[in-house]
Structures are given as structure tokens and as C-alpha cells.
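Note sheet for the following structure.
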2 protein chains.
Amino acid sequence: MTSTAVRLRAVADDDLVSADVQHLGISGHLERLKDYAVRLRFHRGDTIAAAGDAAAHIYAVSAGCLRLTHHGNDGRRHIADFLFGGDLWGLGDADNFALSAEAVSPTTITAYPRQQFDRLGEGNNRLRSEIFAHLSASIQRAHRHLYLLSCLSARERVATFLTRMMQKSQLVYGARLDLPMGRQDIADHLGLTVETVCRALAALKAESVIEVPNAHLVVVRDGSALSAVAGEPSLS
Amino acid sequence: MTSTAVRLRAVADDDLVSADVQHLGISGHLERLKDYAVRLRFHRGDTIAAAGDAAAHIYAVSAGCLRLTHHGNDGRRHIADFLFGGDLWGLGDADNFALSAEAVSPTTITAYPRQQFDRLGEGNNRLRSEIFAHLSASIQRAHRHLYLLSCLSARERVATFLTRMMQKSQLVYGARLDLPMGRQDIADHLGLTVETVCRALAALKAESVIEVPNAHLVVVRDGSALSAVAGEPSLS
DNA sequence: CGGACGCTTGATAAAGTTCAAAGAGAGTGG
DNA sequence: CCACTCTCTTTGAACTTTATCAAGCGTCCG
């Protein structure tokens with residue numbers, strides 16, 4: 001207990017060590033808590049934490065893919081977002097998690113105690129502003145997705161999804177895009193049915209915009225055509 | 001300039017005056033900046049600030065109703081949220097506004113300089129945690145709306161909209177719910193067309209769940225039936 | 001290798017959109 | 001103060017998109 005307090009005081013005086021840390025963002029700060037960190041492994045389909053659970057930890061995805069889901073009373077499901085290596089979860093959940101996190105593929109996660117993290121932030125302006133930026137970015141992502149769900153057609157949604165996955169995931173090699181999630185996950189993310197997602201992909205394939213060697217791999221053959229369908233001429 | 005610095009230092013030492021302020025949340029803290037505040041009036045349809053504008057101010061709605069809109073490249077529009085008296089806008093927009101804010105009805109707004117506000121926050125833990133809570137709440141609101149757009153039918157969306165407006169706006173007197181926004185606004189908020197919104201309202205009216213004396217007034221005749229349609233048996 | 005699960009495609013049905021036109025309300029100018 | 005007009009709302013009918021239902025296929029895992 002004493003050693004914890006000492007450690008935190010030492011860690012919290014900011015701006016001395018931050019030069020080597022700032023470009024890493026929040027992850028860099030979390031690095032300072034590595035002695036408290038717990039490394040976890042999950043299999044496909046495992047639940048990391050469910051909506052309503054006490055948010056005792058901040059999670060950093062090391063490798064793999066997570067889905068953040070919201071379950072309705074009657075079984076309907078929405079996937080708010082997918083997380084990949086480097087992404088964080090739980091920053092905005094002060095008390096209880098608002099969403100459930102489930103492993104889409106075998107996933108390695110590092111859990112940092114929230115209490116320690118919060119204390120770290122108390123003495124660290126840079127960290128706090130990075131947390132603020134992270135939350136702002138989450139809001140903006142959510143708003144972009146609101147627009148997608150509110151205004152775009154099935155075809156546009158699927159195309160937009162592909163472009164966003166290319167921007168976001170590190171699973172792009174050239175034009176090869178790895179999609180660890182299943183069609184049902186994509187459908188629940190885009191507010192469509194599995195069948196409609198399949199048909200939209202099939203249509204893009206028929207137009208030679210993409211190739212689909214297998215269900216978890218898309219090769220983008222005509223990126224600008226894809227962007228055009230997505231309605232995002234320049235990445236915003 | 002000097003007086004500004006002095007004032008801010010005096011104001012920033014927190015926890016002395018905060019007892020009478022905490023229950024008011026962020027608005028209470030903004031009150032301390034009243035000497036820098038500007039009061040603005042807008043007519044129906046006026047733009048308070050457009051997406052992309054420099055976010056130089058935090059806005060507090062005093063009276064009236066705003067819509068926060070996202071405009072696509074091709075004219076499609078989504079309304080992310082409606083704001084009423086007591087609501088704030090701009091807290092999450094560090095640099096430029098992500099959305100446009102437009103007056104739905106004649107509206108009075110107080111603008112506080114962001115720079116002063118940020119400085120206020122630097123020395124005030126309570127304010128910062130309230131800002132954090134505000135951003136978290138924004139994210140949760142957005143996620144609930146994502147679920148609405150992704151999973152609910154037109155009928156359910158309209159019912160949910162009505163229940164949320166009853167919870168949110170102060171424009172509820174008994175079962176009378178004032179809807180300052182037009183049908184097109186509601187449609188753009190719910191990802192539907194005007195006609196579909198009208199038909200859903202007409203259906204609820206035909207089932208005696210609501211009455212619609214005029215386009216901007218809904219009387220909820222059977223609140224539990226409305227909640228049932230909304231799929232929110234208990235308010236979550 | 002077998003079986004189960006997820007993916008894909010087809011046919012049909014339903015929900016919502018689009019197009020069209022009439023009706024109601026609010027604000028304006030005579 | 002009334003009539004007019006413009007805009008918004010409402011309802012109807014046809015059409016489009018997407019969901020639903022159903023069946024076959026492929027693949028991955030055990």
C-alpha cells in the first residue's frame with residue numbers, strides 16, 4: 001500500500017519523462033503502469049466484460065479483434081465498433097461499462113487498473129488532454145456512424161465499412177484487407193441483415209471493385225471506385 | 001489582460017466556492033465566467049455555428065431548441081441531437097465544431113469563451129470530472145441512438161423518440177409534449193422520411209396511444225403503451 | 001473425414017420510400 | 001382585420017429496397 005502510493009507519486013510528476021512518451025499517446029502513459037498490468041488471452045466469442053459490469057480496468061488491445069456490442073431486451077444486437085491492436089476500451093466508462101466487449105478472433109489484451117490510471121491522470125495535464133481527445137474522437141466516430149445508419153443505402157454502408165476498415169485496421173497489406181469478423185457481425189454493425197451484406201459484397205465483386213477470395217479476405221481492386229460508392233471522395 | 005489573469009486565478013482555486021455550485025454541474029461553473037459571457041438570440045432556422053467553424057466558445061442554451069446536424073456531401077442530412085434549455089454545446093469540440101447547430105425555434109444562447117473555460121478547468125478537479133461525465137454521457141446517448149437506427153422499426157423509432165423527448169425536454173406539462181421541431185427534423189433524426197414519421201404518428205393516434213391536437217403538440221394518452229412500443233419497459 | 005456452422009444465392013414478402021395531391025397553419029400585406 | 005400565399009403536414013398509391021424464408025454450398029474445426 002505504501003509502495004503503491006510512493007510509486008504513484010513518483011510517476012505522477014509528469015513532464016519529466018513525458019518527452020519520450022507523448023507521441024505514443026495514452027498507451028505511452030499506460031506503459032508506466034505496466035507493473036500493475038495484467039495480460040489476458042481470449043478465444044473467439046469470449047466475453048471480455050459485459051455491459052453493466054463494474055469498469056475496474058482500462059483495456060488495451062495488443063493483438064486480435066474485439067467487438068463492442070449493445071444488446072436490446074429482445075435479442076436484437078448492435079455492434080457499435082470493432083477494436084484492433086493498439087485500441088483502448090473503457091476510458092469513457094467511469095462506473096460500469098456501457099457496452100459489452102467480445103473477442104472476434106483470438107485476442108490478447110492488457111488490463112490496467114482504473115484506479116491507478118485515474119490517479120495517474122490527476123497529476124498529469126498531458127494525459128488528461130489525451131483522454132479528452134480520445135473521448136472526443138469516440139464521439140466523432142459515433143456521429144459518423146449515426147450518419148451512415150441514418151442516411152446511407154446498404155451498398156453505401158458496405159463500401160463505407162470497407163474503406164473505414166482499411167483506414168483503421170493494421171490488417172491491410174497493399175489492397176488486401178483482412179476481415180476477422182463474420183458477416184453477421186458486419187451486418188449488426190451496419191444495421192443490415194447477413195444476406196444484404198453478402199449481396200452488397202457480391203455486387204461490388206461483380207463490378208470488379210473488389211475480390212473476395214474467402215469470407216475473411218477482401219482485395220480492393222479499385223479503391224477510388226470503392227470510395228466513390230462510399231461517398232467519401234476524400235477521407236474525412 | 002491583467003485583470004483577466006487575476007480573475008482567473010481567483011476563480012480557479014476551487015473547492016472554496018464549489019459547495020453551492022456542484023449540484024448545478026457545469027452550468028454552475030460557467031456562471032463564474034458570466035463577465036465574459038455573451039448572450040445571443042436566434043430566429044427559427046438560424047445557424048449558431050457550422051461544422052468546421054473554429055470552436056471558440058462553449059454554448060449554453062437558455063431557452064428554445066437547437067438541432068445538431070451533420071450534412072453529407074450530397075445534401076443528405078442527419079440530426080444527431082436536439083438541445084433544450086440547460087443543455088450545453090461545444091464541450092467536446094476542442095478545435096473545430098464537428099456538427100452544425102441551428103435554431104429550431106427562437107432561441108436564447110449564452111456563449112462563454114472556450115479559452116477562459118479551459119483555464120477554469122485547469123485548476124478545478126470537480127469541473128474536469130463533470131466535463132468528463134458530460135462527454136461520457138454524450139457517448140452513451142450516441143450509442144443509444146445507434147441502437148435505435150440500427151435495430152428499431154419506424155414505429156418503434158417514433159415511439160422511442162417521443163419517450164425520450166418526454167424525459168429530456170422541459171416542455172412536458174402532464175402528458176402534453178411540445179415538439180418545437182418539424183416533421184422533417186424528426187425524420188432526419190430517426191433516419192426516416194417525413195411521410196413515414198407522419199404515418200407512424202397517425203397509427204399511434206389511431207390506437208389511442210397519443211393525440212395530436214396540432215403538429216407541434218402531442219398528448220400522451222397511454223404512456224405505458226408508448227413505452228411498450230418503444231421497447232423500453234423501464235427507462236434505461 | 002464428417003458434421004456443423006457460416007456464407008451465399010434465390011424467391012417471396014414486408015417495410016419504407018418516392019411521387020403526387022390535398023389540407024391545415026402561420027405569417028404577410030393589403 | 002381579412003384574405004392570400006407559402007410552407008409544412010397529412011394521406012393515398014405505386015414502387016424500391018431490404019428483410020424474411022428457404023435451400024445449397026463451402027470451409028473450418030473437431
Side-chain angles (χ1 to χ4, degrees), chain A residues 43-46 65 67 74-79 102-106 148-162 178-206 210-218 229, chain B residues 43-45 65 67 74-79 102 104-106 148-162 178-206 210-218 229:
Chain A
H43 301 97
R44 212 169 69 96
D46 288 351
C65 176
R67 58 176 177 246
D74 53 354
R76 282 178 284 193
R77 182 182 74 151
H78 174 65
I79 295 181
E102 299 158 3
V104 162
S105 58
L148 177 148
L149 292 173
S150 183
C151 297
L152 301 192
S153 69
R155 177 187 170 75
E156 291 169 325
R157 292 183 201 192
V158 170
T160 302
F161 172 72
L162 291 176
D178 188 20
L179 297 176
M181 70 292 293
R183 295 288 185 268
Q184 184 66 61
D185 288 340
I186 297 174
D188 289 347
H189 183 50
L190 300 180
L192 302 169
T193 60
V194 194
E195 294 92 333
T196 302
V197 172
C198 279
R199 278 187 254 269
L201 286 171
L204 291 172
K205 193 167 101 181
I210 60 172
E211 284 172 30
V212 188
N214 69 66
H216 293 284
L217 182 61
V218 168
V229 174
Chain B
H43 301 98
R44 213 168 69 94
C65 175
R67 58 177 178 245
D74 53 355
R76 284 179 283 195
R77 181 182 77 152
H78 174 64
I79 295 181
E102 299 158 2
V104 163
S105 56
L148 178 148
L149 293 174
S150 182
C151 296
L152 301 192
S153 68
R155 178 186 168 74
E156 292 168 324
R157 292 182 202 191
V158 170
T160 302
F161 172 71
L162 292 176
D178 189 21
L179 298 178
M181 71 291 294
R183 294 289 184 268
Q184 184 66 61
D185 287 340
I186 297 174
D188 289 347
H189 183 50
L190 300 180
L192 301 170
T193 59
V194 193
E195 294 92 333
T196 302
V197 171
C198 279
R199 279 186 253 269
L201 287 170
L204 291 172
K205 194 167 102 181
I210 60 172
E211 285 171 29
V212 188
N214 67 66
H216 292 285
L217 181 61
V218 168
V229 175

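Treat the numbers as computed from the prediction; the structure is a model and nothing was measured. Scope of the values below: all heavy atoms of this structure, side chains included, with no hydrogens, waters or symmetry mates. Letters A, B, ... are given to chains in the order of the sequence lines, protein chains preceding strands, and every chain is numbered from 1.
Nearest heavy-atom pair, A200(B) versus A154(B), reported as atom, atom and distance to 0.1 Å: CB-O, 4.4 Å. L149(A) and H189(A) get closest at one heavy-atom pair: CD2-O, 4.1 Å. The minimum heavy-atom distance between V197(A) and V158(A), with the atom names listed, is CA-CG2, 4.4 Å.
When the C1' atom of dG30(D) is taken as reference, atom CZ of R44(A) falls 13 Å away, rounded to whole Å. Atoms CG (L217(A)) and C1' (dT27(D)) sit 15 Å apart, rounded to a whole Å. Summarising the geometry, the separation between CD1 on I186(B) and P on dT10(D) is reported as 9 Å, rounded to the nearest angstrom. Atoms NE2 (H43(B)) and C1' (dA26(C)) sit 16 Å apart, rounded to a whole Å. If you measure from atom CG of L152(B) to atom P of dG16(C), you get 11 Å, rounded to the nearest angstrom. For R155(B) and dA19(D), the CZ to P distance is 20 Å, given to the nearest whole Å. H216(A) has its NE2 atom 9 Å from the C1' atom of dC7(C), to the nearest Å. Between the C1' atom of dG26(D) and the CG atom of N214(A) lies a distance of 11 Å, rounded to the nearest Å.
Within the model, atoms CG of L201(A) and CD1 of I186(A) stand 6.5 Å from one another, a figure rounded to the nearest 0.5 Å. One distance of note links SG of C65(B) with CZ of R44(B); it measures 11.5 Å at 0.5 Å rounding.
Nearest to the side-chain atoms of E195(B) among the listed nucleotides dG16(C), dT11(D), dT17(C) stands dT11(D). In the set dT10(D), dT17(C), dA19(D), dA19(D) carries the atom at the smallest distance from any side-chain atom of L192(A). Residue R199(B) places its side chain closer to dA13(D) than to any other of dT8(C), dC21(D), dA13(D). In this structure, of dT20(D), dT11(D), dT8(C), it is dT11(D) that holds the atom nearest to the side chain of A202(B). Ranking dT10(D), dT8(C), dG16(C) by closeness to the V212(B) side chain, first place goes to dT10(D). The side chain of T193(B) sits closest to dT18(C) out of dT18(D), dT10(D), dT18(C).
For the pair A154(A) and L201(B), both in contact range of DNA chain D, the more 5′-proximal nearest nucleotide belongs to L201(B). Summary of the strand contacts: P213(A) and G191(A) both lie near DNA chain D, and taking for each the nucleotide with the nearest heavy atom, the more 5' one is attributed to G191(A).
Distances shorter than 4.0 Å separate none of the side-chain N or O atoms of T196(A) from OP1 or OP2 on dT18(D).
Across all strands shown, G45(B) has no heavy atoms under 4.0 Å from either base or sugar-phosphate atoms.
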